[in-house]
Amino acid sequence: MTSLSKNARVAGLLYILSSLFGIVRLIYIPSTLLVSGNGAATANNIARHELLFRFGIVSYLLCSALWIFVTFALYRLLKGVDQTLARLMVIITVVITPIFFVTAANDVAALLFARGTEFLSVLDQAQREAFVVLFLNLHHQLDLASELLWILFHVPFGLLVYKSRFLPRILGVWLIIVGFAYLALSFTGLMLPAYEHKVWNFAQPVLFGEVAIMLWLAIMGAKEPRLAARS
């Protein structure tokens, strides 16, 4: 196994690990505990399954922290292709990571209101439930805001993959499209929230481009360019 292929596999495995933690909060927790349009049921689910919700918070933070290592692994793999584009990926990660930690703080606040701790006794049940919904909505809005920046990560990432010659070009094109899909989701969620679900239905198959690249890196690795092999 070449050093290039080792670097690719490390990046792919870190990518998968980060994504698995992200799935817990972004997909599993909403589908299991959050009830759209019903603050009382949502607050009750969070209070009854506090440990699960806390695990979602921790998973979100782990996903965010691991993404730093994913980015540096991708930088090490792709910096020889175009260092400017590789540095741009690092810059975007540095900018976006603090947003993730602020976003997680909204979940902590939602949990406090759902539990109804002693210092919140001045609020009645309906008010606490309203605050639960408020902070969960703030979490979602910050996710939408961060998606606005993902195009600045995925387009350079896609261009690097396309130009690399040691990864399939189709994956590079797919990643660029993923970036624009995130832009569409962000714009729709922030400006036209009534259509967010419809746009998500169209964007979801496109976002599997991230699954494709992480599996390719982890399983297939990277092939040394022919010119490099001859030399």
Side-chain angles (χ1 to χ4, degrees), residues 1-29 55-83 85-101 103-104 143 146-183 185-186 203-224:
M1 185 186 299
T2 65
S3 60
L4 188 68
S5 190
K6 288 180 181 178
N7 289 341
R9 285 190 164 89
V10 168
L13 291 172
L14 287 171
Y15 208 145
I16 291 172
L17 185 59
S18 176
S19 299
L20 288 175
F21 281 117
I23 286 172
V24 174
R25 175 56 184 88
L26 296 175
I27 297 178
Y28 182 71
I29 294 296
F55 179 64
I57 297 172
V58 172
S59 295
Y60 193 85
L61 293 173
L62 287 173
C63 170
S64 306
L66 282 169
W67 189 254
I68 298 172
F69 294 95
V70 173
T71 302
F72 279 105
L74 292 174
Y75 176 80
R76 185 174 63 176
L77 175 67
L78 298 167
K79 65 180 179 179
V81 179
D82 189 318
Q83 196 165 41
L85 291 174
R87 285 174 176 172
L88 181 56
M89 291 196 305
V90 175
I91 292 170
I92 294 303
T93 295
V94 171
V95 171
I96 206 170
T97 300
I99 299 176
F100 293 146
F101 282 83
T103 304
D143 277 339
S146 64
E147 286 174 358
L148 192 63
L149 296 173
W150 276 125
I151 188 173
L152 300 178
F153 182 94
H154 285 87
V155 169
F157 185 18
L159 290 172
L160 286 166
V161 171
Y162 185 85
K163 295 166 62 176
S164 67
R165 294 189 178 184
F166 51 77
L167 294 171
R169 286 190 165 188
I170 185 63
L171 293 179
V173 175
W174 200 346
L175 284 169
I176 294 172
I177 298 173
V178 166
F180 283 98
Y182 276 122
L183 180 64
L185 286 169
S186 177
Q204 192 172 9
V206 175
L207 298 181
F208 276 100
E210 287 202 88
V211 178
I213 186 65
M214 69 177 73
L215 290 178
W216 185 277
L217 290 171
I219 298 172
M220 304 301 295
K223 294 183 179 179
E224 292 283 355

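Just so you know, these numbers use all the heavy atoms, side chains as well, and skip hydrogens, waters and symmetry mates.
- By the 30° and 60° cut-offs, the orientation of the rings of F72 relative to Y75 is perpendicular.
- Nearest approach of L78 to S164, heavy atoms of both residues: CD2-CB, 4.4 Å.
- Side chains of E210 and Y182 form a contact here, defined as non-hydrogen atoms less than 4.5 Å apart.
- For the pair W174 (side chain) and V206 (backbone), a donor-acceptor distance under 3.5 Å is present.
- V178 is not listed as a side-chain neighbour of W150, based on a closest heavy-atom distance of 4.5 Å or more.
- In this structure, NZ on K6 lies 11.0 Å from CZ on R76, to the nearest 0.5 angstrom.
- Using modelled atom types, one side-chain atom of S59 and one backbone atom of F55 make a donor-acceptor pair closer than 3.5 Å.
- In this structure, the side chains of Y15 and V70 come closer than 4.5 Å at one or more pairs of heavy atoms.
- Closest approach of A212 to L171, counting heavy atoms only: CB-CD2, 3.8 Å.
- Between W67 and F153, the ring planes lie tilted relative to each other; the angle falls in the 30° to 60° range.
- L207 places a side-chain heavy atom less than 4.5 Å from the side chain of L185.
- Counting heavy atoms from C-beta on, the side chains of L152 and V95 never come closer than 4.5 Å.
- Looking at S18, its side chain does come within 3.5 Å of a backbone N or O of C63 through a donor-acceptor pair.
- Going from atom CD1 of I213 over to atom CG of L167 covers 5.5 Å, rounded to the nearest 0.5 Å.
- With hydrogens and angles disregarded, no donor-acceptor distance shorter than 3.5 Å links the side chain of R169 to the backbone of K163.
- Distance check, rounded to the nearest 0.5 Å: CZ of F157 to CG of L74 gives 4.5 Å.
- A heavy-atom distance below 4.5 Å is not found between the side chains of W216 and V161.
- The 12-atom threshold is not exceeded at CZ of F208, counting heavy atoms of other residues, nucleotides or ligands nearer than 6.0 Å.
- Atom-to-atom distance recorded for T93:OG1 and L88:CG is 9.5 Å, nearest 0.5 angstrom.
- Taking the side chain as every heavy atom from C-beta outward, V10 and L14 approach each other to under 4.5 Å.
- Once rounded to the nearest 0.5 Å, the distance linking CD1 of I92 with OG1 of T97 reads 10.5 Å.
- Within the 4.5 Å cutoff, the side chain of L215 has heavy atoms near those of the I16 side chain.
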*Given side-chain contact (heavy atoms from CB on, under 4.5 Å), test V81 with F166 step by step and report yes or no.*
CA-CA 10 Å; V81 179; F166 51 77; 4.0 Å; yes
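- One finds the CG atom of D82 at 10.0 Å from the CZ atom of R87 (value rounded to the nearest 0.5 Å).
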